[in-house]
Amino acid sequence: MDVLRTEMEVEVAMQDIAHEPAPQRRILLVEDDADLREVLCQVLESSGHTVIPAIDGTEGLSQMRACRPDIVVLDLMMPRLDGWQFRLAQRDDPMLAMTPVIAISASSSATAAAVDADLYLRKPFDAETLLRAIDDVINATARRLEPTKVAQTERLAALGTLAAGLAHEINNPLAYVLLQLAHASRLIPTLANGENRALVDQVESLIRGSLEGAERIRNIMAGIRAFSRSDDAGVEPVDVRVPLDAALKLVMNEIRHRARLIKNYAAPPLVLANEGRLGQVFLNLITNAVQAIPEGDTQAHEIRVSATADDTGDLVVELSDTGGGIPPHLLGRIFEPYFSTKPAGQGTGLGLSISQGIISSFDGKITVASEVGRGTTFRIMLPAVRHEKASC
């Protein structure tokens with residue numbers, strides 16, 4: 001036995017670390033030695049962690065894709081696919097590359113010590129060393145990724161500023177176009193006579209179509225301007241129907257090709273929030289709902305948006321889709337930064353994490369329920385604005 005040589009040593013190690021509460025982690029343990037794997041599982045699970053065992057690198061990669069662990073404890077010397085080959089395959093997969101790895105080996109060679117991993121532990125080592133290494137590596141990874149998350153937030157703020165300027169520049173000529181088209185629409189009937197009636201009707205139809213298109217542009221610009229106010233950190237009483245409708249207008253063209261939109265606004269209470277930031281949350285959730293539904297069968301699918309009050313008078317917003325749903329083993333991780341169920345290159349994995357942060361900043365909560373093949377429902381709860389009664 002390389003790591004903990006006897007059952008007595010395991011018990012002593014458990015007693016030593018039992019008084020030190022640690023956050024629960026999902027740990028992929030890739031180790032071909034059955035005895036050692038069993039002891040390590042016992043140590044990690046007794047500390048409150050969830051262990052996903054694998055007997056070699058091939059099974060480890062398969063488990064990693066299915067379960068998305070927080071960290072990998074990886075033996076180097078294994079049959080079929082060893083630790084070095086595992087790391088090469090992991091780094092080539094964008095969905096797996098960011099997961100930190102602790103390499104373990106009894107080898108003292110420079111090749112083993114230089115393995116491409118976040119940390120190298122040489123066997124034998126005790127339970128406390130392994131557990132501290134796991135916490136240190138995960139915390140260091142979080143600190144390393146934090147600037148990326150901050151940069152993403154700053155990019156969103158910059159886009160909001162750009163959108164505000166763009167909306168302003170577009171709205172001026174758009175107003176001119178709308179006025180001219182409306183005036184032309186009023187003049188057209190005066191030009192009609194018996195000989196050119198068909199032609200005038202055709203021109204009138206074209207003008208009406210142009211007016212409708214210009215109105216759609218104006219509605220989209222109104223939505224963009226609403227989101228551009230998100231860089232204003234102030235909060236005020238907000239009617240959530242405004243940012244909900246603004247988000248729906250921005251993606252309505254995508255919705256109409258995929259699903260029927262059903263809205264239910266039942267006198268939702270005002271909430272103390274930032275309209276633009278709520279709009280970001282709703283736009284992200286509605287976009288996710290749209291992307292979960294394939295094009296081509298509108299009548300078979302629905303996107304439902306509701307805003308109501310619960311029994312206590314607080315706001316409840318639900319956004320549901322009839323898309324593919326989220327597998328149970330991934331459902332608990334969707335709010336984690338950089339975690340995404342979308343194919344590589346189609347998402348940063350930050351949208352839901354940022355949305356959760358926004359809702360939490362308004363003293364609210366966001367939850368999710370999903371069933372594979374049936375769809376997904378996001379539920380947002382926010383405290384209503386309480387109006388104090390005036391005293392004499």
Side-chain angles (χ1 to χ4, degrees), residues 1-64 67 69-93 96-145:
M1 185 71 63
D2 286 321
V3 178
L4 296 170
R5 298 179 183 281
T6 67
E7 292 184 3
M8 183 177 295
E9 285 177 328
V10 175
E11 292 180 9
V12 171
M14 301 304 172
Q15 294 170 3
D16 287 343
I17 61 176
H19 65 284
E20 298 180 7
Q24 186 178 17
R25 317 286 194 186
R26 293 171 58 83
I27 301 171
L28 173 62
L29 173 61
V30 188
E31 171 60 64
D32 65 317
D33 186 299
D35 292 332
L36 177 54
R37 189 170 61 250
E38 181 180 354
V39 172
L40 288 174
C41 284
Q42 185 180 356
V43 168
L44 296 170
E45 288 174 349
S46 296
S47 299
H49 300 302
T50 299
V51 182
I52 306 150
I55 62 173
D56 57 35
T58 300
E59 184 182 351
L61 287 171
S62 177
Q63 292 277 42
M64 197 174 185
C67 303
D70 298 304
I71 192 168
V72 179
V73 177
L74 175 69
D75 187 28
L76 294 184
M77 303 293 188
M78 295 182 294
R80 289 213 296 171
L81 193 76
D82 63 26
W84 290 276
Q85 294 168 320
F86 176 97
R87 281 294 286 157
L88 288 173
Q90 180 196 357
R91 289 176 65 85
D92 285 340
D93 188 333
L96 310 180
M98 301 300 291
T99 304
V101 172
I102 295 176
I104 60 174
S105 176
S107 174
S108 59
S109 70
T111 302
V115 64
D116 177 23
D118 295 87
L119 185 67
Y120 175 72
L121 287 181
R122 184 182 171 191
K123 304 173 185 177
F125 49 79
D126 58 28
E128 186 175 0
T129 297
L130 177 61
L131 291 168
R132 283 186 176 163
I134 288 170
D135 284 341
D136 288 346
V137 168
I138 289 178
N139 291 336
T141 301
R143 288 193 298 271
R144 187 172 68 248
L145 294 178

Run the numbers on R91 and F86 for side-chain contact (heavy atoms from CB on, under 4.5 Å), then give the verdict. CA-CA 9 Å; R91 289 176 65 85; F86 176 97; over 6 Å; no
Any idea which heavy atoms bring G83 and M78 closest together, and the distance? N-CE, 3.8 Å
Given side chains that start at C-beta, do those of V39 and D35 come closer than 4.5 Å, heavy atoms only? no
Given side chains that start at C-beta, do those of I104 and L74 come closer than 4.5 Å, heavy atoms only? no
Could you go through the side-chain contact (heavy atoms from CB on, under 4.5 Å) check for T50 and E45 one step at a time? CA-CA 6 Å; T50 299; E45 288 174 349; over 6 Å; no
Atom OG in S47, atom CZ in R25: separation rounded to 0.5 Å? 12.0 Å
Roughly how far apart are D116 CG and L88 CG, rounded to 0.5 Å? 8.0 Å
Separation between CD of Q90 and CD of Q85, rounded to the nearest 0.5 Å: 14.0 Å
So, the side chain of Q24 versus the backbone of H49: is there a donor-acceptor pair under 3.5 Å, distance only? no
Please tell me if the side chains of D135 and L131 come closer than 4.5 Å, counting only heavy atoms from C-beta onward. no
Any side-chain heavy atom of D136 within less than 4.5 Å of one from L119? no
What I'd like to find out is whether the side chain of I102 reaches to under 4.5 Å of the side chain of L121, using heavy atoms alone. yes
Is the closest side-chain heavy-atom distance between D56 and L81 below 4.5 Å? no
Could you tell me if the side chain of W84 sits less than 4.5 Å from the side chain of T111, heavy atoms only? yes
Side-chain heavy-atom pair P69, M64 within 4.5 angstrom cut-off: yes
One should read off an interatomic distance between L28 CG and E59 CD, to the nearest 0.5 angstrom, of 9.0 Å
What's the spacing between T58 OG1 and R80 CZ if we round to 0.5 Å? 4.5 Å
Checking S107 against S109 for the side chain to side chain donor-acceptor pair (under 3.5 Å) test, could you report, in this order, the C-alpha distance in whole Å, the side-chain angles of both residues, the deciding distance, and whether it holds? CA-CA 6 Å; S107 174; S109 70; 3.0 Å; yes
Would L40 and L36 satisfy side-chain contact (heavy atoms from CB on, under 4.5 Å), going step by step from the backbone distance to the final call? CA-CA 6 Å; L40 288 174; L36 177 54; 4.0 Å; yes
Trace of the side-chain contact (heavy atoms from CB on, under 4.5 Å) decision for T99 with V72: CA-CA 7 Å; T99 304; V72 179; 4.1 Å; yes
When every non-hydrogen atom of A103 is compared with those of A117, the smallest separation belongs to CB-CB, 3.9 Å
Specify the closest pair of heavy atoms between C41 and L29, including all atoms of both residues, with the distance to one decimal. SG-CD2, 3.8 Å
For F125, is there any backbone N or O sitting under 3.5 Å from a side-chain donor or acceptor partner on T129? no
With D75, the salt bridge (charged side-chain N to carboxylate O under 4.0 Å, His left out) member among K123, R87, R37: K123
Please report the interatomic distance CG(L61) to CG(L96), rounded to the nearest 0.5 Å. 7.0 Å
